[in-house]
**Q** 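Would you mind keeping the following structure in view while I ask a few things?
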Amino acid sequence: MREALSPEVAQAEMEPLRIGTLETPCLIIDAARMDRNIARLRDRLAPMGVPLRPHLKTAKSVEVAVRAMPTPQGPATVSTLKEAEFFVAAGVRDLMYAVGITPCKLAKVIALRQNGVDLSVILDTVEQAEAVALASRTSGEVIPALIEIDCDGRRSGVPPQDIERLLSIGQAITQGGELRGVMTHAGGSYAARGGTALQQAAETERRSVVDAANILRKAGLPCPVVSVGSTPTAHYATDFSGITEVRAGVFVFFDLVMAGIGICEIDDIAMSVLATVIGHQREKGWILIDAGWMAMSQDRGTSKQEMDQGYGLVCDHSGTPFQDLILADANQEHGILKLRPGSTAALPELAIGDRVRILPNHACATGAQHSSYHVVHGKSDIVTDEWVRLSGW
């Protein structure tokens, strides 16, 4: 028989876990905000008749994925094959691996497909296309591939006006593989400011893949999928004509970069890092915490925006921002909180042991520093769950 618990132990087991008892630094997710963010994009896309293929690279969590995907089986997007394996183990069956494929990774792609997973890859060279076609012929497993289109010169892809290259890649894929379509990512939208500029970025993104798809089809090549994707353009596009799906990732949590672009409000940001006050340098106006760049990442994505948020915006333990208090500097395990330059606000009175929450510049980068999410709902300090987060490659 199980030994009876003492009244003290029994009471402790009944007590809910609270933010104030967590070891710091750790990652907090406000599930109420997250659910609202997911519903916002889903509701925006639904009347436009374009489905969402969420990018799971931001959350890397099964619990977040099942909330963001249209069904538990997908569709979804991943950025590593380790992510693909992780989500396949959870039942996802429709995935796009949205990083340029290399020959050394095709064996793993084939293994996943032979396990009943509709996993597609992307590429933008004839060499990659030939490797996909050869692996398909050799294995007997036809690998679907999408041609990546460069819509704004910000990363990889084929410019849609480079017709000869586009057709050469498409023809090479069909020599054993499956030409599934075209896709693009409007990285330039992160530099856009204001509704007009964001709408223009979205239209440039749409036009580039629609033009590329038309070129392929005119040449007699198949192009069933025409895929676009970035969180800013997904929220500002006004026309999805010719588009078959939208990919976005950081929309589930948002972050300070998205707020600086104007895609969300500060109160929409669902991710924060919980930290503890460990000291003061009062003559310098500093408050020291136990969260440095190892907890926050070194991403300084807001440094080029109108409002530089340092390494993050500081909130109280319930998630309410202090006026003009930022994580101004960071060492490996130390963070320095200061008032924003030029602020007339008063430095908050925070005692040793007090908890603060730091909103991140880049949710993907900050999330990558942690192995799990501690889940809260709104202003409540009760931690209702802990969700495992994938890391590595």
Side-chain angles (χ1 to χ4, degrees), residues 12-42 54-72 76 78 83 86-87 89-92 231 248-256 258-259 264-276 289-291 294-297 312-321 354-392:
E13 288 191 352
M14 293 174 59
E15 287 292 327
L17 183 64
R18 296 183 181 277
I19 282 180
T21 64
L22 295 175
E23 292 186 11
T24 58
C26 66
L27 204 56
I28 302 293
I29 290 299
D30 183 336
R33 290 185 179 186
M34 178 191 71
D35 289 342
R36 187 173 72 225
N37 295 340
I38 293 170
R40 173 187 167 191
L41 184 55
R42 185 176 291 155
H55 207 317
L56 306 182
K57 69 172 184 176
T58 298
K60 298 196 179 191
S61 157
V62 171
E63 288 80 4
V64 178
V66 296
R67 289 163 171 78
M69 295 185 302
T71 77
V78 293
E83 286 173 42
F86 179 69
F87 291 111
V92 181
T231 288
V250 76
F251 76 97
V252 295
F253 298 147
F254 286 129
D255 53 29
L256 292 171
M258 288 296 109
C264 69
E265 301 295 332
I266 294 296
D267 287 346
D268 295 322
I269 300 174
M271 174 188 286
S272 59
V273 172
L274 183 69
T276 303
I289 60 172
D290 64 351
M294 283 290 284
M296 296 301 305
S297 88
L313 183 64
V314 186
C315 305
D316 64 19
H317 73 279
S318 71
T320 301
D354 281 351
R355 301 299 180 97
V356 294
R357 287 162 64 178
I358 317 295
L359 302 180
N361 284 317
H362 186 177
C364 305
T366 297
Q369 311 305 306
H370 300 264
S371 61
S372 66
Y373 302 108
H374 294 83
V375 183
V376 300
H377 296 262
K379 299 295 183 181
S380 173
D381 70 341
I382 295 176
V383 180
T384 60
D385 212 337
E386 183 175 2
W387 296 339
V388 172
R389 187 186 189 285
L390 180 71
S391 61

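Basis for what follows: all heavy atoms, side chains included, without hydrogens, waters or symmetry-related copies.
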**Q** State which residue, out of Asp381, Ile29, Val383, fulfils the side chain to side chain contact (heavy atoms under 4.5 Å, CB included) condition with Val376.
**A** Val383
**Q** Write down the atom of Pro25, the atom of Val273, and the distance for their closest heavy-atom approach.
**A** CB-CG1, 4.1 Å
**Q** Using the side-chain contact (heavy atoms from CB on, under 4.5 Å) rule, take Ile269 and Met258 through it: C-alpha gap first, then chi angles, then the decisive distance, then the call.
**A** CA-CA 9 Å; Ile269 300 174; Met258 288 296 109; over 6 Å; no
**Q** So, for Asn37 and Ala270, which heavy atoms are closest and what is the spacing to 0.1 Å?
**A** ND2-CB, 4.3 Å
**Q** Please round to the nearest 0.5 Å and tell me the distance separating atom CG of Asp255 and atom SG of Cys264.
**A** 7.0 Å
**Q** Quick one: does Pro321's side chain get under 4.5 Å of Ile266's, heavy atoms only?
**A** yes
**Q** Has Thr366 got a side-chain atom pairing as donor or acceptor with Met296's backbone, closer than 3.5 angstrom?
**A** yes
**Q** Apply the side chain to side chain contact (heavy atoms under 4.5 Å, CB included) test between Phe251 and each candidate in Asp268, Thr58, Leu41; give the one that qualifies.
**A** Leu41
**Q** With heavy-atom distances below 4.5 Å as the criterion, would you say the side chains of Val78 and Val92 are in contact?
**A** no
**Q** Could you tell me if the side chain of Cys315 sits less than 4.5 Å from the side chain of Leu359, heavy atoms only?
**A** yes
**Q** Is it true that a side-chain atom of Arg355 and a backbone atom of Leu22 form a donor plus acceptor pair closer than 3.5 Å?
**A** yes
**Q** Does any non-hydrogen side-chain atom of Thr231 lie less than 4.5 Å from one of His55?
**A** no
**Q** Please check this pair: side chain of Arg18 against backbone of Ser380, looking for a donor-acceptor N/O pair closer than 3.5 Å.
**A** no
**Q** Answer yes or no: is there a side-chain heavy-atom contact under 4.5 Å between Ile19 and Arg357?
**A** yes
**Q** Would you say the side chain of Phe86 lies within less than 4.5 Å of the side chain of Leu56, judging by non-hydrogen atoms?
**A** no
**Q** Once rounded to the nearest 0.5 Å, what's the spacing between atom OG of Ser297 and atom CD of Gln369?
**A** 5.5 Å
**Q** Would a 4.5 Å heavy-atom cut-off, applied to side chains only, mark Phe87 and Met69 as touching?
**A** no
**Q** Are the side chains of His374 and Leu274 in touch, meaning some heavy atoms are under 4.5 Å apart?
**A** no
**Q** Distance-only, no hydrogens or angles: does the Asp290 side chain make a donor-acceptor pair with backbone N or O of Thr276 under 3.5 Å?
**A** yes
**Q** Does any N or O in the side chain of His370 come within less than 3.5 Å of the main-chain N or O of Ala295, such that one atom is a donor and the other an acceptor?
**A** yes
**Q** Does the Asn361 side chain pair with the main chain of Leu256, one donor and one acceptor, at a distance under 3.5 Å?
**A** no
**Q** Mark yes when over 12 heavy atoms from residues, nucleotides or ligands other than His317 sit less than 6.0 Å from its NE2; otherwise mark no.
**A** no
**Q** Can you tell me if Tyr373 uses its side chain to pair, donor with acceptor, with the backbone of Ala59 under 3.5 Å?
**A** yes
**Q** Show your working on side chain to side chain donor-acceptor pair (under 3.5 Å) between His377 and Thr384 and close with a plain yes or no.
**A** CA-CA 8 Å; His377 296 262; Thr384 60; 3.3 Å; yes
**Q** Could you walk me through whether Met34 and Ile38 satisfy the side-chain contact (heavy atoms from CB on, under 4.5 Å) test, starting with their C-alpha distance in whole Å, then the side-chain angles of each, then the deciding distance to 0.1 Å, before giving a yes or no?
**A** CA-CA 6 Å; Met34 178 191 71; Ile38 293 170; 4.0 Å; yes
**Q** Kindly give the heavy-atom pair with the smallest separation between Ala32 and Asp30, and that separation in Å.
**A** N-OD1, 3.0 Å
**Q** Arg389 side chain to Gly367 main-chain N or O, any donor-acceptor pair under 3.5 Å?
**A** yes
